[in-house]
> 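Before I ask anything, let me first share the structure, which is written out below as structure tokens.
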Amino acid sequence: MASAMSTKINMRATSRPSLARRPARAAVVKPVAALDPAVIVSGSTAAFLSLGRFVYLPYQRRSAEKADVGPKTDGATFFDDLQKPSSFVLTSKDPEGFNIIDVMGWGALGHAFGFAVLAAASLNSYGITPFPTP
């Protein structure tokens, strides 16, 4: 039996196989946006809100008074009461009367403009000109 054990083939390798050396790690490249999206969108929204409040608000109020917009009610029926605007929407503590509707409208325009700037910059970075050249 001792002779049978000595003739066994050893399945273990006698030496460790040499591993190929890995090349040194390459520098990690992180993409960096040319324009920070949060800054662009916030800046354009702030710019549009200030334009709406300080530049266009007097013009808008004068135009609305000339157009005579709003519900025409005489207060005789229940449905006339339903047509009245809610008090919290059209009132504000702003001296000029810049209300929540104005904030939402000018804020939406500012966001749209900011995203348009980011889209144009993104196209430009890929070599596509977003605006036609003469």
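Computed over heavy atoms, backbone and side chain alike; hydrogens, waters and symmetry mates excluded. Here the structure is a predicted model, which means the values were calculated and not measured.
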> Quick one: closest heavy-atom pair of Val41 and Leu118, and the distance?
CG2-CD1, 4.0 Å
> Indicate if Phe54 and Leu51 have the same hydrophobic cluster label, given that clusters are the connected sets of ILVMFWY residues with side-chain heavy-atom separations under 4.5 angstrom.
no
> Taking atom CD of Gln60 and atom CD of Glu96, what is their separation to the nearest 0.5 Å?
12.0 Å
> Out of curiosity, Ser50 OG to Tyr56 OH, how far, rounded to the nearest 0.5 Å?
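Reported value, rounded in 0.5 Å steps: 11.0 Å.
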> Under the side-chain hydrogen bond (donor to acceptor under 3.5 Å, both in side chains) rule, collect the residues that match up with Asp94, sequence neighbours excluded.
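Asp94: side-chain hydrogen bond (donor to acceptor under 3.5 Å, both in side chains) contacts with Arg53.
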> Do Leu123 and Tyr126 have side chains that approach each other closer than 4.5 Å (heavy atoms only, starting at C-beta)?
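Answer no - side chains too far apart.
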> Within the side chain of Ser42, is there an N or O that forms a donor-acceptor pair under 3.5 Å with the backbone of Val39?
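No: the side chain of Ser42 does not pair with the backbone of Val39.
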> Between Ser63 (side chain) and Tyr59 (backbone), is there a donor-acceptor pair under 3.5 Å?
yes
> Could you pull out all residues at least two apart from Ser44 that satisfy side-chain contact (heavy atoms from CB on, under 4.5 Å)?
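Residues passing side-chain contact (heavy atoms from CB on, under 4.5 Å) with Ser44: Phe113.
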> First locate atom CE of Met104, then atom CG of Leu49, and finally report the distance between them rounded to the nearest 0.5 Å.
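Interatomic distance, Met104 CE to Leu49 CG, rounded to 0.5 Å: 10.5 Å.
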> Supply the atom-to-atom distance Asp102 CG to Arg61 CZ, rounded to the nearest 0.5 angstrom.
4.5 Å
